[in-house]
Amino acid sequence: MKHLLSTADLSKDDALLLLDTSAQMAATQSREIKKLPTLRGRTVVNLFYEDSTRTRISFETAAKRLSADVINFSAKGSSVSKGESLKDTALTLHAMGADAVVVRHWASGAPAQLAHAGWLDAAVLNAGDGTHMHPTQALLDAFTIRRHLVGLRGGGADRDGVGSDLAGLKVAIVGDVLHSRVARANVRLLHTLGAQVTLVSPPTLLPVGVEAWPCRTSYDLDATLADWQPDAVMMLRVQRERMSGGSGAFFPSPLEYTRYFGLDGRRLALLPEHAIVLHPGPMNRGLEISAEAADSDRAVIVEQVANGVAVRMAALYLLLAHTEAAHTEGTSL
Ligand code: ASP
Ligand code: CP
């Protein structure tokens with residue numbers, strides 16, 4: 001693996017290696033000294049053309065915990081506002097000796113272009129491109145689901161469910177699928193790991209061609225929760241910034257959306273007792289998820305953020321640490 005661009009590129013073995021390495025990384029994070037020497041002397045650039053809180057901070061934390069040098073670049077306040085192209089920005093990063101470039105971009109496909117255009121000699125990690133993909137988000141979601149529903153439940157697996165796939169688990173992904181790279185990344189990865197997925201959304205927020213995705217679809221949240229009994233429910237943010245013409249073009253009113261597709265205390269009660277609730281963040285509290293659901297003890301939303309650091313450490317480690325420079329610095333955990 002040279003780049004991490006899409007969950008569609010990951011074989012089951014790749015996905016399990018990433019998840020199992022994340023578990024090792026997570027274990028190092030409960031030590032008194034959290035910093036590992038693994039990527040000493042390597043440079044990781046965070047290149048963000050779109051806003052981010054969790055992904056940007058956790059990639060930065062992950063790189064620093066592995067002792068890499070980190071350069072943070074955000075398009076706001078950079079020469080992008082003077083019209084500099086992605087190519088010229090990439091050539092600048094190349095000149096600075098970037099070993100890995102973590103990129104978030106509003107254009108679907110920008111990370112793949114960076115990886116394959118020959119402008120850079122660096123590993124490219126997709127931190128979210130347009131409505132296309134968000135692979136580290138899907139990996140941290142799978143890690144969180146596995147830990148709760150395979151690991152913590154026992155049955156022979158260790159605490160993190162190391163080595164196990166997600167066969168037999170049912171995941172409902174609910175809300176604005178149309179604009180969601182999180183949904184696309186998760187459907188692919190969960191399918192690869194053997195889980196069953198149902199997308200629940202109003203017809204206006206399901207993408208054309210969804211029939212070809214490896215999942216079921218439904219317009220009825222109550223029926224999906226009550227009859228299908230998912231083990232995990234992943235709520236998606238209503239992405240108003242991607243709705244040109246305003247959210248009114250996609251659903252009659254926020255109140256109506258909440259009534260049919262919002263997760264609240266009543267709907268939580270329809271779920272099996274062990275079921276967990278995920279949300280990638282940022283949340284629209286009161287729209288797709290009520291405060292009661294977001295703050296309930298079923299919600300693992302804050303844990304998702306913590307797991308994001310371990311997963312991003314694993315991704316950086318697996319993409320960078322096999323190279324010669326890292327070996328000479330010592331790669332052991
Ligand atoms: N933070 C996630 C993303 O950037 C989800 C969201 O924004 O709704 O895709
Ligand atoms: N989940 C997620 O990607 O959050 P940010 O947009 O804050 O990075």
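For the single chain, residues carry numbers from 1 onward in sequence order. Both ligands and their constituent atoms are indexed starting at 1 by order of listing.
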Just checking, any donor-acceptor pair under 3.5 angstrom between side chains of Asp141 and Gln137? yes
Examine ligand 1 and decide if any of its atoms is less than 4.0 Å from a heavy atom belonging to Arg104. yes
Counting non-hydrogen protein atoms only, what is the nearest one to atom 6 (O) of ligand 2? Give residue, atom name and distance. Arg104 NH1, 2.9 Å
So that I can tick it off, tell me whether Arg146 and Asp20 are bridged by a salt bridge, with the cut-off set at under 4.0 angstrom between side-chain N and carboxylate O. yes
Answer yes or no: is there an ion pair linking Asp222 with Arg266, defined by an N-O contact shorter than 4.0 Å? yes
Looking only at protein heavy atoms, which one is nearest to atom 4 (O) of ligand 2, and what is the separation? Arg54 NE, 3.0 Å
Between Arg56 and ligand 2, is there a nitrogen or oxygen pair with a distance under 3.5 Å? no
Check Gln137 against ligand 1 and report side chain, backbone, both or neither, counting heavy atoms closer than 4.0 Å. neither
Contact check, side chains of Phe59 and Val44, non-hydrogen atoms, under 4.5 Å: no
Would you call the rings of Tyr49 and Phe73 parallel, tilted or perpendicular, taking 30° and 60° as the class edges? tilted
Just jot down the ligand 1 atoms closer than 4.0 angstrom to any heavy atom of His134, in number order. 3 (C), 9 (O)
For atom 7 (O) of ligand 2, what is the closest protein heavy atom, and at what distance to 0.1 Å? Thr53 N, 2.8 Å
Quick note on ligand 1: atoms under 4.0 Å from a heavy atom of Gln239 include exactly 8 (O)
Evaluating non-hydrogen atoms only, which member of Arg181, Arg242, Glu241 is closest to atom 9 (O) of ligand 1? Arg181
When the ring planes of His3 and His116 are compared, do they come out parallel, tilted or perpendicular, using 30° and 60° as the limits? perpendicular
Rounded distance (nearest 0.5 Å) linking atom OG1 of Thr61 with atom CE of Met313: 10.0 Å
Closer than 4.0 angstrom: is that true for some heavy atom of Pro282 and an atom of ligand 1? yes
Any idea which of Pro280, Gly281, Ala185 brings a heavy atom closest to atom 1 (N) of ligand 1? Gly281
Option of least heavy-atom distance to atom 3 (O) of ligand 2 (set: Leu140, Thr55, Asp51): Thr55
Less than 4.0 angstrom from a charged side-chain N to a carboxylate O is my criterion; do Lys170 and Asp231 meet it? no
